[in-house]
Amino acid sequence: MQNENQLIKLRKERLQKIIDKGVAPFPTRSKRTHKIGTLIENKDEFVENSEKVIVCGRLNGMRRQGKIGFGNVLDDTGRIQLFIKRDLVGEENYDIFKLLNLGDFVQLEGECFITEKGEYSIKAHKITLLGKNLRPIPVVKEKIVDGKKVKYDEFTDIELRYRKRYLDLLLNPEIKRNFEIRAKVISIMRRILDGKGFLEVETPILQPLYGGANARPFITHHNTLDIPLYLRIATELYLKRLVVGGFERVYEIGKNFRNEGMDRTHNPEFTAFEVYQAYADYNDMMELAEELLSTIGNEILGTNILDFKGHQININRPWRRASMIELIQEQTGFDASDFNLEKIQNFYKEKEMEFDKVAGPGKLIEGLFEAFVEEKLIQPTFVTQFPREISPLAKAIPENNNLTERFEIFIAGDEYGNAFTELNDPIDQRERLEAQASLRELGDLEANIVDEDFIQALEYGMPPTGGMGIGIDRLTMLFTNNSSIKEVILFPQMKPE
RNA sequence: GCACUCGUAGCUCAGUUGGCAGAGCAACUGACUCUUAAUCAGUGGGUCCAGGGUUCGAAUCCCUGCGAGUGUACCA
């Protein structure tokens, strides 16, 4: 830090020298006639015309040699070499050039030409400072060796990359692609849903009660009302209220907040997509999921065969559909379909797995799924028919009250989405939430809370409805082949230094 | 939460058996009218993550803490 202050001190001395020359270091106006990318795309034309151009950008290379100098100017479309000659710009302007630092923003007036060594450049008529850099930017240099780009002193410290994302984007421009794909994923989803007549809505982030998922919330306080408020853990219960209100097709894309552990697939705030469709069920949701992902793949990558975590993932529809019980049997040979608690517990013992003595058969079946099946599900799979016991918001399947019309989407061993035929029977719903409430009293901090207003809404009547949630962050990881959620969140949560 | 690994200059890294804290780039000064990791000469720059311990002597060995990564647990 001592040293950094010295480096900054030197830059501030430079700044003073520039001010002493009567030059504004942070001028208010700039005037750009061309983006660098345009000059590069139409190189021949610009060289031939000697048209006067003005580009603006950051100085990211400097090679001064006496009375001439070279440098590189970078904007968001590309990089071009600047050539400056004292005899051309005059001594006064050349002195300003000599006082510039890497990282300064400049406006460069001149004409395009090819240097004697063949480099496409702008010959400066005038260079103007647009913004002084005061803190040295790490310098990444590139060289072409055998036609391949070799980088020197790359900015790679993962912690620094996340803490100072602006430097990451500046010095590792290929990272921008993750966020461009992220934006495209969302815009394609919006376009598809809007095209089907879904209404995009915004429901409260600050909620007096939280629900719609099993998770611990962030708690805040409203001063005027003097009540606690919770940051939402899901949008589900509000979106269903809208279906009660007569919006038959709604969706929301927004942040959820869960006060839980962080790892490569979990950030405390994350972006979820939730969709509800009246007079539909979970089968319709499966088709929607297939359509969304395969369209995104085709449009963004031009293919539905994705390289991901060392696998070739085929997201072309249709995807495999298999029930949780069936998948457990496939992997272990164990048949849990009778929900016989003692039998399931014995199987846990046989496999030398620990289990919660008070857990019901549904919870234990889920445990078997997690232990034996999840990681095996590489190609996109709808895991269907979850136990009713662990699905308090899903409707039971007509033939078997132990199971619900619910599925989760698994790809490469990770979960991507969760959907059900929504429970719209208010009496059943109340019982299920009350059962959750008693779990909570037994110490399950993630169990659902009874939301009386939500149940009342159902009492007014909700049509049969299919609903689905998909994690946008994980989807972006899939389409950018990243295994850490921090690579697809611009400013991931970090502990303060 | 637990386990393992990592933390040295602005950046990327080296530092042997415990023996004066190092390199390249960046920065500063100077030279240089076609460079492109420009070059050449010179200069400055360190809380070796923090604290404690062992030792004549610690960046190095030990302990504790902090931060990060990976795995694992939990979290649909």
Side-chain angles (χ1 to χ4, degrees), chain A residues 1-11 13-14 60-72 79-88 94 101-103 113-121 123 135-145 149-164 167 171 212-216 233-234 258-268 270 324 354 363 366-367 369-371 374 383 386-387 390-394 406-410 414-420 444-446 469 471 483-484 486 492 494-497:
Chain A
M1 280 301 150
Q2 191 84 29
N3 175 53
E4 190 174 53
N5 287 338
Q6 285 182 23
L7 289 171
I8 291 170
K9 202 175 137 206
L10 283 165
R11 300 245 165 161
E13 284 170 15
R14 276 280 172 94
N60 87 328
M62 260 241 267
R63 297 174 292 281
R64 288 204 295 112
Q65 37 183 336
K67 297 180 183 63
I68 65 166
F70 298 88
N72 299 101
R79 193 175 72 169
I80 194 164
Q81 175 165 268
L82 84 88
F83 172 75
I84 186 165
K85 195 170 176 179
R86 197 184 66 172
D87 295 351
L88 272 178
Y94 196 74
N101 288 115
L102 292 181
F113 81 118
I114 308 279
T115 62
E116 285 172 21
K117 290 288 165 68
E119 178 84 8
Y120 184 45
S121 309
K123 187 184 288 178
R135 190 174 288 266
I137 293 177
V139 175
V140 178
K141 297 204 173 191
E142 294 172 357
K143 187 186 183 181
I144 311 288
V145 179
K149 201 184 273 186
V150 181
K151 280 195 175 185
Y152 296 83
D153 302 334
E154 211 167 351
F155 184 71
T156 52
D157 185 289
I158 290 177
E159 185 176 349
L160 268 183
R161 284 186 46 231
Y162 297 154
R163 287 191 193 278
K164 296 198 180 294
L167 291 181
L171 301 170
N214 295 15
R216 290 153 70 186
I233 58 172
R258 296 187 186 176
N259 205 340
E260 285 165 353
M262 296 155 61
D263 60 29
R264 40 169 279 281
T265 55
H266 295 84
N267 194 62
F270 63 100
M324 182 180 277
E354 290 186 11
K363 181 89 186 155
E366 185 191 30
F369 171 76
E370 286 170 0
E374 268 188 18
V383 178
F386 277 56
I390 55 163
S391 311
L393 301 167
R406 171 182 176 186
F407 70 82
E408 287 191 354
I409 301 165
F410 277 85
D414 282 328
E415 190 222 321
Y416 282 76
N418 182 23
F420 359 111
D444 183 349
L445 296 173
E446 276 132 19
S483 54
S484 169
K486 289 191 169 81
M494 302 288 278
K495 262 199 189 181
E497 286 175 281

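Chain naming here is simple, since letters A, B, ... match the order of the sequence lines and numbering starts at 1 in each. Heavy-atom basis, side chains included; hydrogens, waters and symmetry copies ignored.
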A:Glu119 CD to B:A37 P, straight-line distance once rounded to whole Å: 10 Å
Sugar-phosphate only, base, or nothing, as touched by A:Arg86 at under 4.0 Å among non-hydrogen atoms: nothing
5' precedence on RNA chain B between A:Ser121 and A:Ile137 (nearest-nucleotide basis): A:Ile137
Ring-face cation of A:Arg406 near A:Phe386 (centre distance under 6.0 Å, axis angle within 45°): yes
Gap between atoms CG and P, on A:Leu393 and B:A76 respectively (whole Å): 12 Å
Cation-aromatic face contact A:Lys141/A:Tyr152, 6.0 Å, 45 degrees: no
Span that lies between the P atom of B:U17 and that of B:G71, in whole angstrom: 32 Å
Side-chain-base donor-acceptor pair under 3.5 Å for A:Arg406 and B:A76: yes
Base-pairing mate for B:U16 - Watson-Crick or G-U, with both contacts under 3.5 Å: none
Which nucleotide in B:C25, B:G69, B:A27 has an atom nearest any side-chain atom of A:Lys141: B:C25
Nearest-angstrom distance from the residue atom CD of A:Glu415 to P of B:C75: 13 Å
Touch class at under 4.0 angstrom, heavy-atom based, for A:Glu159 against every strand present: sugar-phosphate
Separation of atom CD1 in A:Ile84 from atom C1' in B:U33, rounded to whole Å: 13 Å
Nearest-angstrom distance, P atom, B:C13 to B:A59: 22 Å
Crowding at CD, A:Glu354 (>12 non-hydrogen neighbours, <6.0 Å): no
Nearest-Å distance for atom pair CD/P, residues A:Glu142 and B:U12: 16 Å
Touch class at under 4.0 angstrom, heavy-atom based, for A:Arg163 against every strand present: sugar-phosphate
Separation between the P atoms of B:C48 and B:C4, rounded to whole Å: 27 Å
A:Arg63 CZ to A:Ile68 CD1 distance, which is reported to the nearest 0.5 Å: 10.5 Å
Presence of A:Lys85 side-chain N/O under 4.0 Å of B:U33 phosphate oxygens OP1/OP2: no
Of the listed nucleotides B:G71, B:C74, B:U33, the one nearest the side chain of A:Asp263: B:C74
Rounded distance in Å between the C1' positions of B:U60 and B:A14: 14 Å
Pairwise C1' distance for B:A58 and B:A21, with rounding to whole Å: 13 Å
Watson-Crick or G-U wobble partner of B:C4, both distances under 3.5 Å: B:G69
Near-ring test A:Phe83/A:Tyr120, centroid separation under 6.0 angstrom: no
From B:A68, B:C75, B:C34, nucleotide with atom closest to A:Phe113 side chain: B:C34
Minimum heavy-atom distance A:Pro136-A:Ile8, with the two atoms named: CD-CG1, 4.3 Å
Sugar-phosphate, base or nothing in reach of A:Glu154, heavy atoms under 4.0 Å: sugar-phosphate
Heavy-atom pair of closest approach, residues A:His266 and A:Gly261: CB-O, 3.7 Å
From B:U12, B:C11, B:C25, nucleotide with atom closest to A:Pro138 side chain: B:C11
Rounded distance (Å) that lies between atom C1' of B:U5 and atom CD1 of A:Ile158: 12 Å
Base partner of B:U29, which must satisfy Watson-Crick or wobble distances under 3.5 Å: B:A41
Sugar-phosphate, base or nothing in reach of A:Phe83, heavy atoms under 4.0 Å: base
Any A:Arg14 side-chain nitrogen or oxygen under 4.0 Å from OP1 or OP2 of B:C28: yes
Listed nucleotide nearest any side-chain atom of A:Met494, set B:A76, B:A68, B:U72: B:A68
Residue met sooner reading RNA chain B from 5', once A:Asp153 and A:Phe420 are mapped to nucleotides: A:Asp153
Sugar-phosphate, base or nothing in reach of A:Glu370, heavy atoms under 4.0 Å: nothing
Sugar-phosphate, base or nothing in reach of A:Asp87, heavy atoms under 4.0 Å: base
Gap between atoms CG and C1', on A:Asn60 and B:G10 respectively (whole Å): 16 Å
Sugar-phosphate, base or nothing in reach of A:Ile390, heavy atoms under 4.0 Å: base
C1' spacing across the pair B:U55 / B:U12, given as an integer number of angstrom: 34 Å
Selected nucleotide, minimal atom distance to A:Lys486 side chain, candidates B:C75, B:G67, B:G69: B:G69
Closest heavy-atom pair and its distance - A:Arg163, A:Met494: NH1-CB, 3.7 Å
Base paired to B:C11 (Watson-Crick or G-U; both N/O distances under 3.5 angstrom): B:G24
N or O in side chain of A:Asn214 less than 4.0 angstrom from B:C74 OP1/OP2: no
Nearest-nucleotide pick for A:Ala213, side chain only, options being B:U72, B:C11, B:A76: B:A76
Heavy-atom closest pair, residues A:Lys486 and A:Pro492: CG-CB, 3.6 Å
Sugar-phosphate, base or nothing in reach of A:Ser391, heavy atoms under 4.0 Å: nothing
Touch class at under 4.0 angstrom, heavy-atom based, for A:Arg264 against every strand present: sugar-phosphate
Which atom of A:Ile233 lies closest to which atom of A:Arg216, heavy atoms considered: CG2-O, 4.3 Å
Contact under 4.0 Å: A:Lys9 side-chain N or O vs B:C28 OP1/OP2: no
Shortest side-chain distance from A:Gln6, nucleotide among B:G44, B:G67, B:A27: B:G44
Nearest-neighbour nucleotide for the A:Phe155 side chain, B:C74, B:C75, B:C11 considered: B:C11
Partner nucleotide, any strand, of B:C61 [Watson-Crick/G-U, under 3.5 Å]: B:G53
B:G18 versus B:C62 - spacing of their C1' atoms, nearest Å: 13 Å
Distance, C1' atom - from B:U72 to B:G53, rounded to whole angstrom: 32 Å
Spacing between A:Asn72 atom CG and B:A37 atom C1', to the nearest angstrom: 11 Å
From B:C11, B:A76, B:C34, nucleotide with atom closest to A:Glu366 side chain: B:A76
